[in-house]
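These notes are about the structure you will find just below.
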Amino acid sequence: MAGMDPAALGYRQMLVKLDQMIRPDELARMKMFCKDFIGTKNRDKIQSGTDLFEKLEERNYLSRSNLTFLKRILAECTDGRQDVQKIVADFETHGYRNVTNGNLGRQGQQQEDLSAEIRFLVNNLGRDWKFFMRSLGVTDAVLEMCVDSHPRNVREQIQMAFKEWQDDGKADKNSMLRALKEVHRNDLHQKLNNMVAN
């Protein structure tokens, strides 16, 4: 990855993230959407989102500077899912996020490793998690997106919310401790504080 243009890396990273998020039924609809300019033989070879994106690039329907068709196909074929559209919007706004080498925020700065603290809170926040996330500055729109993305798994919802918070580039342990105080979770505050102290 050394010497690679960060914007080019971010573009590829965006496509990989989309590939991970697109469901099989959505991919089938996307293939059908492209029927007029991707022949049957080539469509039959498409087994993943990345396969489709490659075909779109070959036909000049997709590039780092041309995301119009990608946004349209995502809106049409994923029932308007906000989580997948947000991946593209974030790339357009910020260029790249969470580049592979290190835990980087949107401005590319190195962040603290909060994996142990996040794992602890994911397992212990329970029904207070939305109040806690709001205290961290996570918006209701992002919280709704997390719920919609994982409707039956609260821990995955919390994990995704933490990721969105970290992506803003302002994540630190002191903010977590402050937010726990604000939502009156002194039990978790004490345990997390001990983890920080250790």
Side-chain angles (χ1 to χ4, degrees), residues 10 12-30 47-50 52-53 70-71 73-75 77-91 93-94 96-106 111-180 182-185 187-189 191-192 195-196:
R12 294 299 166 193
Q13 183 185 41
M14 175 194 68
L15 296 181
V16 169
K17 285 184 179 181
L18 289 174
D19 175 64
Q20 294 169 344
M21 298 171 74
I22 292 170
R23 301 163 186 159
D25 60 315
E26 293 168 341
L27 179 62
R29 289 197 292 268
M30 293 169 78
Q47 302 296 320
S48 67
T50 51
L52 177 61
F53 301 148
L70 176 64
K71 290 188 289 186
I73 197 173
L74 289 174
C77 300
T78 67
D79 295 324
R81 279 175 58 194
Q82 293 299 306
D83 55 342
V84 292
Q85 294 181 60
K86 186 175 186 298
I87 296 298
V88 181
D90 283 342
F91 172 75
T93 303
H94 304 287
Y96 65 101
R97 297 163 27 144
N98 293 337
V99 178
T100 306
N101 294 328
N103 182 19
L104 303 179
R106 288 178 176 173
Q111 291 187 13
E112 296 179 67
D113 180 7
L114 302 174
S115 55
E117 288 80 3
I118 289 174
R119 187 163 52 248
F120 167 75
L121 290 176
V122 166
N123 290 330
N124 291 281
L125 274 170
R127 62 185 182 182
D128 292 327
W129 75 274
K130 288 185 181 179
F131 299 109
F132 172 79
M133 288 297 172
R134 290 187 187 104
S135 292
L136 286 180
V138 180
T139 65
D140 283 341
V142 169
L143 296 179
E144 183 178 343
M145 180 186 70
C146 295
V147 173
D148 289 343
S149 298
H150 305 283
R152 296 182 180 87
N153 193 323
V154 175
R155 289 187 180 182
E156 287 293 339
Q157 294 169 11
I158 301 172
Q159 189 75 47
M160 184 175 179
F162 269 120
K163 183 180 184 303
E164 291 297 322
W165 174 61
Q166 287 184 295
D167 283 348
D168 277 328
K170 300 175 183 178
D172 59 43
K173 297 172 183 177
N174 287 334
S175 295
M176 300 167 88
L177 290 168
R178 175 189 51 76
L180 287 171
E182 288 181 2
V183 298
H184 307 294
R185 289 303 304 265
D187 55 331
L188 299 183
H189 180 278
K191 291 177 181 178
L192 188 69
M195 290 175 64
V196 174

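Positions are given from 1, in the same order as the sequence printed here.
At a threshold of 4.0 Å, the pair R23-D25 does not count as salt-bridged, since none of the basic side-chain nitrogens sits closer than that to a carboxylate oxygen. Between D187 and K191 there is no salt bridge, since no side-chain N of the basic residue sits under 4.0 Å from a carboxylate O of the acidic one. Using a cut-off of 4.0 Å between Lys/Arg side-chain N and Asp/Glu carboxylate O, D140 and R134 are scored as salt-bridged.
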For F162 and M176, run side-chain contact (heavy atoms from CB on, under 4.5 Å): C-alpha distance rounded to whole Å, both residues' side-chain angles, the deciding distance at 0.1 Å, then the answer. CA-CA 10 Å; F162 269 120; M176 300 167 88; 4.0 Å; yes
Full working for side-chain contact (heavy atoms from CB on, under 4.5 Å) between V84 and E26: CA-CA 11 Å; V84 292; E26 293 168 341; 5.6 Å; no
Under the criterion side-chain contact (heavy atoms from CB on, under 4.5 Å), I'd like the reasoning laid out for L74 against M30: C-alpha separation, chi angles, the key distance, then a yes or no. CA-CA 8 Å; L74 289 174; M30 293 169 78; 4.1 Å; yes
Would you sort out whether D148 and Q82 count as a side-chain contact (heavy atoms from CB on, under 4.5 Å), showing the intermediate values? CA-CA 9 Å; D148 289 343; Q82 293 299 306; over 6 Å; no
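For the pair F120 and L188, the minimum side-chain heavy-atom distance is below 4.5 Å. Inter-residue side-chain proximity for M133 and V142 is flagged as unmet; no heavy-atom pair is nearer than 4.5 Å. With contacts defined as side-chain heavy-atom distances shorter than 4.5 Å, the pair M14/L70 qualifies.
For the side chain to side chain contact (heavy atoms under 4.5 Å, CB included) test with H150, the passing option among E156, M145, Q159 is E156; the others fail.
Note that CG of L15 and CD of Q20 are 11.5 Å apart. Values are rounded to the nearest 0.5 Å. Taken from CG in L136 to CH2 in W129, the straight-line distance is 11.5 Å, to the nearest 0.5 Å. Taking NZ from K130 and CD1 from I158, the interatomic distance works out to 10.5 Å, rounded to the nearest 0.5 Å. To the nearest 0.5 Å, atoms CG (L180) and CG (N124) are separated by 10.5 Å. Atom NE2 in H184 sits 10.0 Å away from atom CG in D128 (nearest 0.5 Å). For the atom pair CG (L18) and CD1 (I73), the distance works out to 11.0 Å, reported to the nearest 0.5 Å.
Contact record, A171 with L114: CB-CD1, 3.9 Å, taken as the closest heavy-atom pair. Of all non-hydrogen atoms in A179 and F132, the two that sit nearest each other are CB-CE1, 3.5 Å. Nearest heavy-atom pair across D19 and G49 is OD1-N, 2.8 Å. For the residue pair A161 and L143, the shortest heavy atom distance occurs at CB-CD2, 4.3 Å. Looking at every heavy atom in both residues, S135 comes nearest to R178 through O-NH1, 3.3 Å.
Looking at R81, its side chain does come within 3.5 Å of a backbone N or O of M21 through a donor-acceptor pair. Looking only at distances, no side-chain donor or acceptor of E117 sits under 3.5 Å from a matching main-chain atom of L192.
The number of heavy-atom neighbours closer than 6.0 Å to CD of E182, taken from other residues, nucleotides and ligands shown, is above 12.
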